[in-house]
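Following: one structure in structure tokens, then a few remarks.
Below, chains carry the letters A, B, ... as their sequence lines are ordered, and counting in each starts from 1.
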Protein chains: 2
Amino acid sequence: MMNKERKIELFKEKCQTKGIKLTPQRLLIYEELINSTEHPTAERIYSSITQKFPTISLDTVHRTLETFCTIGVATMAEGLGNSKRFEGNMDNHHHVHCVQCGMIHDVYDANYDQLLVPPQVSQEFKILKKIVHLEGICRKCQTEYENMD
Amino acid sequence: MMNKERKIELFKEKCQTKGIKLTPQRLLIYEELINSTEHPTAERIYSSITQKFPTISLDTVHRTLETFCTIGVATMAEGLGNSKRFEGNMDNHHHVHCVQCGMIHDVYDANYDQLLVPPQVSQEFKILKKIVHLEGICRKCQTEYENMD
DNA sequence: TTCTTAAATAAGAATAATTCTTATTTAAGT
DNA sequence: ACTTAAATAAGAATTATTCTTATTTAAGAA
Ligand SMILES: [Mn+2]
Ligand SMILES: [Mn+2]
Ligand SMILES: [Zn+2]
Ligand SMILES: [Zn+2]
């Protein structure tokens with residue numbers, strides 16, 4: 001971990017090196033993000049900011065968060081895209097998700113099945129599911145990238 | 001694993017024991033689900049079924065998939081709800097997600113950090129993220145359940 | 001088999017999350 | 001101060017999901 005002033009400093013440098021503009025909106029969104037431990041949604045950040053900065057638009061918050069992920073100062077918590085994905089496979093297994101095409105493959109691995117829940121977690125949560133979630137780019141999508149200009 | 005006829009048999013029994021009606025819609029949706037390896041969305045299942053059964057409604061597919069999860073013949077692939085969740089914490093860590101209130105807590109665990117990617121996965125994917133995703137009910141939500149009639 | 005009824009469905013409206021379009025503004029380099 | 005590409009605001013559009021209500025039906029009872 002790192003103190004917030006330092007993170008903001010690094011954020012400003014990152015904007016520089018990545019060649020994106022340091023706007024008041026971006027700074028506010030970044031501050032809101034690192035001051036929160038709740039993994040906020042775009043809407044949540046928008047609501048907090050709208051008090052200090054009433055003219056900001058929700059779309060800007062969405063765009064900015066995406067930009068932050070791209071330049072590596074934020075991440076989107078693991079998930080599988082906009083729509084719920086279902087399966088009838090009730091065997092214990094894990095997943096690898098192609099973030100490009102959305103494909104989900106099943107992963108069977110004995111080590112993954114044996115993961116223990118840390119005591120500080122099991123004290124606070126009744127755990128219903130333990131899954132290793134891998135994210136990456138599938139071979140097909142990698143090939144498609146290669147063939148792009 | 002298990003052959004599909006047997007799964008359908010068990011599905012019918014499950015409807016019995018859970019006291020829910022065995023409708024043609026439910027049977028079709030279940031068959032579609034277990035014949036797919038792609039972790040389909042409701043929309044995807046709806047499209048496939050609509051050919052054989054043109055009067056089915058998308059809402060029925062949604063409701064049915066939820067019912068299937070409730071009676072334990074299907075699951076929803078791991079995710080964090082409808083909206084994207086962001087964070088500025090770029091340290092390597094994992095998550096536990098309360099499926100009731102949506103809260104996400106950070107989990108730091110050295111064992112989790114050391115997970116290896118199975119070779120058959122790394123052959124097919126360029127892995128960008130490895131995360132242990134725990135799901136459960138937080139203490140607060142458990143207490144709230146207790147106080148319900 | 002026919003009857004009964006609560007459960008389930010279809011259809012479309014409503015809501016929620018996200019993305020797109022376009023005119024306007026602005027950060028940052030000159 | 002000037003220039004300009006990038007960024008923003010506003011609102012429309014799109015997509016996913018849920019809700020409402022009238023109708024239909026599965027399944028147990030008679
Ligand atoms: Mn799976
Ligand atoms: Mn986190
Ligand atoms: Zn892919
Ligand atoms: Zn909770």
Pairing partner of dA16(C) (Watson-Crick or G-U wobble, both distances under 3.5 Å): dT15(D)
Where the side chain of T60(A) is concerned, which of dA28(C), dT9(C), dT8(D) is the nearest nucleotide? dT8(D)
Shared hydrophobic cluster for F125(B) and V99(A) (ILVMFWY, side-chain gaps under 4.5 Å): no
Hey, does the side chain of K84(B) come within less than 4.0 Å of dA16(D)'s phosphate (OP1/OP2), counting only N and O? no
Under a 3.5 Å cut-off for both contacts, is dA22(D) paired Watson-Crick or G-U wobble with anything, and if yes, with which nucleotide? dT9(C)
Is the backbone N or O of V73(A) less than 3.5 Å from a side-chain atom of K14(A), with the two atoms forming a donor-acceptor pair by type? no
To the nearest Å, how far apart are Y46(B) OH and dT15(D) C1'? 14 Å
Does dT8(D) have OP1 or OP2 sitting under 4.0 Å from an N or O in the side chain of S57(A)? no
Measuring to OP1 and OP2 of dA27(C), would you say a side-chain N or O of Q25(A) lies under 4.0 angstrom away? no
Hey, are E32(B) and K52(B) close enough for a salt bridge, meaning a charged N less than 4.0 Å from a carboxylate O? yes
From CG of N82(A) over to P of dC20(C), roughly how many Å is that when rounded to an integer? 11 Å
From I131(A) CD1 over to I131(B) CD1, what is the distance, rounded to the nearest 0.5 angstrom? 12.0 Å
Hey, which sits more toward the 5' end of DNA chain C by its nearest nucleotide, P54(B) or F86(B)? P54(B)
Using a heavy-atom cut-off of 4.0 Å across all strands, would you classify L58(A) as base, sugar-phosphate, or nothing? base
Side chain of T55(B), heavy atoms from C-beta onward: which of dT8(D), dA7(D), dA10(C) has the nearest atom to it? dA10(C)
Any side-chain N or O of R26(A) less than 4.0 Å from the OP1 or OP2 oxygen of dA7(D)? yes
Within this structure, what is the NZ-to-P distance between K21(B) and dT24(D), rounded to whole angstrom? 14 Å
Whole-Å distance separating the NZ atom of K12(A) from the P atom of dA27(C): 14 Å
Step-by-step ring pair (Phe, Tyr, Trp, His ring centres under 6.0 Å) determination, H105(A) to H39(B): CA-CA 8 Å; H105(A) 262 202; H39(B) 305 79; 8.5 Å; no
Tell me the interatomic distance from L65(A), atom CG, to dT19(C), atom P, rounded to whole angstroms. 11 Å
Side-chain contact check for D59(A): nearest option of dA10(C), dA8(C), dT21(C) is dT21(C)
Between dT17(D) atom P and R44(B) atom CZ, what is the distance in whole Å? 15 Å
Whole Å only: how far is the CG atom of L28(B) from the P atom of dT25(D)? 15 Å
With a 4.0 Å cutoff (strictly under), does any side-chain N or O of H62(B) reach OP1 or OP2 of dT18(D)? no
Are R63(A) and E66(A) ion-paired here, with the side-chain N under 4.0 Å from a carboxylate O? no
For the side chain of T23(A), starting at C-beta, report the closest nucleotide among dG28(D), dA7(D), dT19(C). dA7(D)
Figure out the CZ/C1' separation between F53(B) and dT25(D), and round it to whole Å. 11 Å
Counting only side-chain N and O atoms of R63(A), is one of them less than 4.0 Å from OP1 or OP2 of dT19(C)? no
